[in-house]
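Step one of this worksheet: look at the structure below.
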Amino acid sequence: MNNEIYELIILGAGPAGTAAGVYASRKKIKTLLITEGFGGQATAASQIENIIGHPLRQGPDLALAFERHLKAVGMEMVIDRISGLKQNNKVFEISTPNNGSFQTQNILIALGSQHKTLGIATEEKFKGRGVNYCSTCDAPLYKDKIVAVVGGGNSGFDAVIDLLPYASKIYLLELLDHLNGDPFIAERIRSNPKVETILNAKTLEVTGETMVEGLAYQDLKTQEKKDLTVQGIFVEIGMKPNVELFKDWVKLSPLGEIVVEPLSGRTSADGIWAAGDITNLPYKQINIAMGDGIRALLDIYGKLRK
């Protein structure tokens, strides 16, 4: 175990963790950042058009930019996953599988969340090549194209609404025999001539050569396999916050997100903050996650320098 005690350990280097790391360095907080990689969910986006000041960024390029910025400000980093957490006399000890343990007075959790996936073999192959998980980010890429949205809950509805100004046709696929999102929005979607709702649809396969060209599904009523010609697929079946290690430490929302005080990012546990998509705050966006990370960091700075 490293006997050095940091003032802060930041967990994660997505938008929230990276922004917090840059500010921590500028504020001269003795900080360690532990992450498995850089960029968070942004790495899955082929093109990102809503980062302020950057009309167009590619997800992998943004991840590299995050890494470069953290290195430029001299952030001390460990590339590893988190395997354990304990506390003794108000000092937290965070364990990693390959780099040992590290001690800190405070923790900022910025591990984000992950999209629930379809769990089909071809999904991974086409991530960033027509399979999308962020309609706010990627809807403008599908102007005059045919797309499918998988998921008939509110997340799926939001994706359809984001796509309506761009796509020429939208298939909305739902596994159940009914749409389970807000009834008012469901009716609005059903009445739009661009949208075709397909119920009892189990997605089987994403097809194509180098880019998405189609989607195969099974009609659960007839057991018949059917094919759709589409250029894009938006998977909207929910999110899973990366909270497994912390579920017994902090209060969670009914959706499994870390509950934070919105003006500070403080959790229910003294000495633990959270920021970004892992929290219960609304609007899961890169710009917002960056702001959340900075706000939490400044609150930590205020506590440390009292």
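Note that the structure is a prediction, hence the values are computed from the model and not measured. Side chains included, hydrogens not; waters and symmetry mates left out as well; all remaining heavy atoms used.
For the side-chain contact (heavy atoms from CB on, under 4.5 Å) with Val259, the qualifying choice from Asn280, Leu281, Val250 is Asn280, the only one to do so. For the side-chain contact (heavy atoms from CB on, under 4.5 Å) criterion with Asn98, the lone passing option out of Val78, Ile79, Asp80 is Asp80.
Glu123 places a side-chain heavy atom less than 4.5 Å from the side chain of Val235. With contacts defined as side-chain heavy-atom distances shorter than 4.5 Å, the pair Ile9/Phe92 does not qualify. Between Phe246 and Ile109, some side-chain heavy-atom pair lies under the 4.5 Å cut-off. Counting heavy atoms from C-beta outward, Tyr133 and Lys127 have side chains that approach closer than 4.5 Å. By the 4.5 Å heavy-atom criterion applied to side chains, Ile120 and Thr203 are counted as neighbours. Side-chain contact between Ile233 and Val147 is absent, with no heavy atoms from C-beta onward closer than 4.5 Å. Side chains of Arg295 and Asp292 form a contact here, defined as non-hydrogen atoms less than 4.5 Å apart. Counting heavy atoms from C-beta on, the side chains of Gln87 and Trp249 come closer than 4.5 Å.
Between the side chains of Trp273 and Asn106, no donor-acceptor pair of N or O atoms lies under 3.5 Å.
Side chain of Thr31 to backbone of Ile29: a donor-acceptor contact under 3.5 angstrom is found. Formation of a donor-acceptor pair under 3.5 Å by the Asn132 side chain with backbone atoms of Cys134 is not found in this model. Side chain of Thr122 to main chain of Val206: a donor-acceptor pair is present (N/O by atom type, distance under 3.5 Å, no hydrogens or angles). Using a distance-only test at 3.5 Å, with no hydrogens or angles considered, a donor-acceptor pair links the side chain of Thr35 to the main chain of Ala13. Formation of a donor-acceptor pair under 3.5 Å by the Gln231 side chain with backbone atoms of Ile146 is found in this model. Remark: side-chain polar atoms of Asn242 are paired, donor with acceptor, to backbone N or O of Leu111 under 3.5 angstrom. In this structure, the side chain of Thr279 does not engage the main chain of Ala274 through any donor-acceptor pair within 3.5 Å. Within the 3.5 Å criterion, the main-chain N or O of Val91 finds no donor-acceptor partner in the side chain of Asn89. With Thr18 contributing its side chain and Gly14 its backbone, the two residues share a donor-acceptor pair below 3.5 Å. Asn154 contributes a side-chain N or O that, together with a main-chain N or O of Asp182, makes up a donor-acceptor pair within less than 3.5 Å.
Around NZ of Lys303, the count of heavy atoms belonging to other residues, nucleotides or ligands within 6.0 Å exceeds 12. Crowding of Gln223 atom CD: a count of heavy atoms from other residues, nucleotides or ligands under 6.0 Å exceeding 12. Within a 6.0 Å radius of NZ in Lys86, no more than 12 heavy atoms belonging to other residues, nucleotides or ligands are found.
Here Lys27 contributes atom NZ and Ile300 contributes atom CD1; the two are 13.0 Å apart, rounded to the nearest 0.5 Å. Separation of atoms CD1 (Ile10) and CE (Met77) is listed at 10.5 Å; rounding is to 0.5 Å. For the atom pair CG (Leu215) and CG (Leu228), the distance works out to 6.0 Å, reported to the nearest 0.5 Å. With values rounded to the nearest 0.5 angstrom, Gln114 atom CD is found 5.5 Å from Lys240 atom NZ. Atom CG in Asp299 sits 4.0 Å away from atom CZ in Arg266 (nearest 0.5 Å). Distance check, rounded to the nearest 0.5 Å: NZ of Lys116 to OG of Ser113 gives 11.0 Å.
Among all heavy-atom pairs drawn from Pro140 and Ser135, the shortest one is CD-O, 4.4 Å. Minimum heavy-atom separation, Leu11 to Ile94: CD2-CD1, 4.0 Å. The two atoms that bring Gly302 and Lys306 nearest to each other are O-CG, 3.1 Å, heavy atoms only. The shortest heavy-atom contact between Ala65 and Arg57 is CB-NH2, 3.5 Å. Nearest heavy atoms, Leu108 versus Ala296: CD1-CB, 3.9 Å. Between Ser83 and Pro97, the shortest heavy-atom distance links the atoms OG-N, 3.6 Å.
Hydrophobic clustering of Ile, Leu, Val, Met, Phe, Trp and Tyr side chains at less than 4.5 Å, counting indirect connections, unites Ile161 with Leu163. Neither Ile5 nor Ile34 shares a network with the other; the hydrophobic side chains, linked directly or stepwise wherever heavy atoms of I, L, V, M, F, W or Y lie under 4.5 Å apart, form separate groups for each. In terms of hydrophobic clustering, with Ile, Leu, Val, Met, Phe, Trp and Tyr side chains grouped at heavy-atom distances under 4.5 Å, Met75 and Tyr301 are assigned to a common cluster. Hydrophobic clustering (ILVMFWY, side-chain heavy atoms < 4.5 Å, transitive): Leu252 and Leu245 are in one cluster. Residues Ile288 and Met239 fall into different hydrophobic clusters, defined by Ile, Leu, Val, Met, Phe, Trp and Tyr side chains chained together at heavy-atom separations under 4.5 Å.
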* Under the side chain to side chain donor-acceptor pair (under 3.5 Å) criterion, do Ser95 and Ser101 qualify, and how do the steps go? -> CA-CA 4 Å; Ser95 303; Ser101 299; 3.2 Å; yes
* **Test log, rule salt bridge (charged side-chain N to carboxylate O under 4.0 Å, His left out), inputs Glu257 and Lys284** => CA-CA 12 Å; Glu257 303 159 321; Lys284 314 300 188 183; 3.4 Å; yes
* When you look at Glu76 and Lys30, which way does the salt bridge (charged side-chain N to carboxylate O under 4.0 Å, His left out) test go after all the steps? -> CA-CA 9 Å; Glu76 183 180 352; Lys30 186 174 181 56; 5.4 Å; no
* To do: Applying side chain to side chain donor-acceptor pair (under 3.5 Å), run through Glu205 and Tyr217 and close with a yes or a no.
  => CA-CA 7 Å; Glu205 185 181 10; Tyr217 72 93; over 6 Å; no
* Show your working on salt bridge (charged side-chain N to carboxylate O under 4.0 Å, His left out) between Lys28 and Glu7 and close with a plain yes or no. => CA-CA 10 Å; Lys28 305 298 182 184; Glu7 291 181 298; over 6 Å; no
* Is there a side chain to side chain contact (heavy atoms under 4.5 Å, CB included) between Lys225 and Gln218 once you walk through the steps? -> CA-CA 4 Å; Lys225 181 182 176 181; Gln218 182 181 30; 5.6 Å; no
* Start with the C-alpha gap between Asn200 and Asp177, add the side-chain angles, then the distance that decides, and say whether side chain to side chain donor-acceptor pair (under 3.5 Å) holds. => CA-CA 5 Å; Asn200 301 294; Asp177 62 0; 5.9 Å; no
* To do: Start with the C-alpha gap between Thr210 and Phe126, add the side-chain angles, then the distance that decides, and say whether side chain to side chain contact (heavy atoms under 4.5 Å, CB included) holds.
  => CA-CA 8 Å; Thr210 59; Phe126 290 104; over 6 Å; no
Distance-only check: which donor-acceptor pairs under 3.5 Å involve side-chain atoms of residues 168-176, not counting sequence neighbours?
unit_1	atom_1	unit_2	atom_2	d
Ser168	OG	Lys145	O	3.3
Lys169	NZ	Glu196	OE1	3.2
Glu174	OE1	Gly152	N	2.6
Glu174	OE2	Leu176	N	2.9

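Applying the ring pair (Phe, Tyr, Trp, His ring centres under 6.0 Å) test to pairs two or more places apart or on separate chains, those with a residue in residues 218-239 are Tyr142-Phe234.
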